[in-house]
Amino acid sequence: MLIRTTITEVKNAVAAYRSENRDGIVGFVPTMGFLHEGHASLMRRSKAESGLTVLSIFVNPLQFGPNEDFERYPRNVERDLELAGKENVDIVFMPPVQEMYPKPVKTKVLISEVTDRLCGASRPGHFDGVGTVVSKLFHIIGPDRAYFGLKDAQQVAVIAKMTEDLNIPVEIVPCETVREADGLALSSRNVYLNDAERIQAVVLSQALNKASELSRSESETPASLRGKLVQYITEAAPLSDIDYVEVLGYPDLTELNNNLPLKGINESWIVAMAVRFGSTRLIDNRLFTAKEVASHV
Ligand code: PAF
């Protein structure tokens, strides 16, 4: 496994592969490190589908707000490299901040509308930082495919829109969320939870199961489902503090018709939520396709 910390070195490593493998596929897994099984599943998928897998580990200061957890974001490079080695990653790109942002940044990638709601509304500027760093990484690595976890479904939608709008020649591959045995979605931020919070954090995935159940009813509208989920979370998890619970079209994240039952909605939609436990903000979501809801009839 090659470990590269500068842009020139990683570009040379990818170029060397490409020059020897004209038809070879380069798969890319961008991460902020503190890797877990969710990241491992992305690396495995890339390994299975690509001739070369590049993993980046970079805690991107641009996507954290002034009062967010950039400084205390969990980091463990030694463990990350061990995990990447186990997954047979070919190249790890782990640049210092100075390498990615040697001068004050004057150019940002702003993706509109799809960033207006959900985490975009709660974390102003977050997706400008994500769009900027991901487009830089795409230009540096030049992958054919990039693998992203659907736990961050809005991020997947934002990056897919950005690559489409800017004609960045990379296929965005959304991958299923990986969960703990009790349903909690894996996240590097789960380490912040204390014991009581960890027990109650399962309410997110339970609420999503409830959403699946409720959406099969003839009368459940986006608004009624949202209301029931808010009530469910509040009652089942007294330590929770809801940031948002939304039922929206996906991937555009637009309002759904509230006069129609979800069963009658002829587009994909998402139930997305962000819930705080103490200072830890967790997100989770479930995607529904019109076919999927109908198949429960
Ligand atoms: O999902 C993440 O870990 C980050 O937002 C990403 C895509 C690596 C950009 O910093």
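The analysis underlying the following values was restricted to heavy atoms, covering all of them including side chains, and did not include hydrogens, waters or symmetry mates. Bear in mind that the values here come from a model prediction, so they are computed numbers and not experimental data. Counting convention: from 1, in listed order, for ligands and their atoms alike.
Residues Tyr73 and Asn60 have side chains that never bring a donor and an acceptor to within less than 3.5 angstrom of each other.
At a 4.0 Å heavy-atom cut-off, ligand 1 does not touch Ile159 at all.
The ring pair (Phe, Tyr, Trp, His ring centres under 6.0 Å) check on His36 picks up His39, with sequence neighbours excluded.
Among Arg281, Arg189, Arg75, Arg123, the single residue meeting the salt bridge (Lys or Arg N to Asp or Glu O under 4.0 Å) criterion with Asp69 is Arg189.
Gln155 NE2, 2.8 Å is the protein heavy atom nearest to atom 1 (O) of ligand 1.
Considering both main-chain and side-chain atoms, Thr31 never comes within under 3.5 Å of ligand 1 through any nitrogen or oxygen pair.
Counting only non-hydrogen atoms, the option in His39, Met32, Lys151, Gln63 that gets closest to atom 10 (O) of ligand 1 is Gln63.
In this structure, Glu87 pairs ionically with Arg44, as a charged nitrogen and a carboxylate oxygen lie closer than 4.0 Å.
Side chains of Ser187 and Tyr192 form no contact here, defined as non-hydrogen atoms less than 4.5 Å apart.
Near Val133, meaning under 4.0 Å from any of its heavy atoms, are these atoms of ligand 1: 9 (C), 10 (O).
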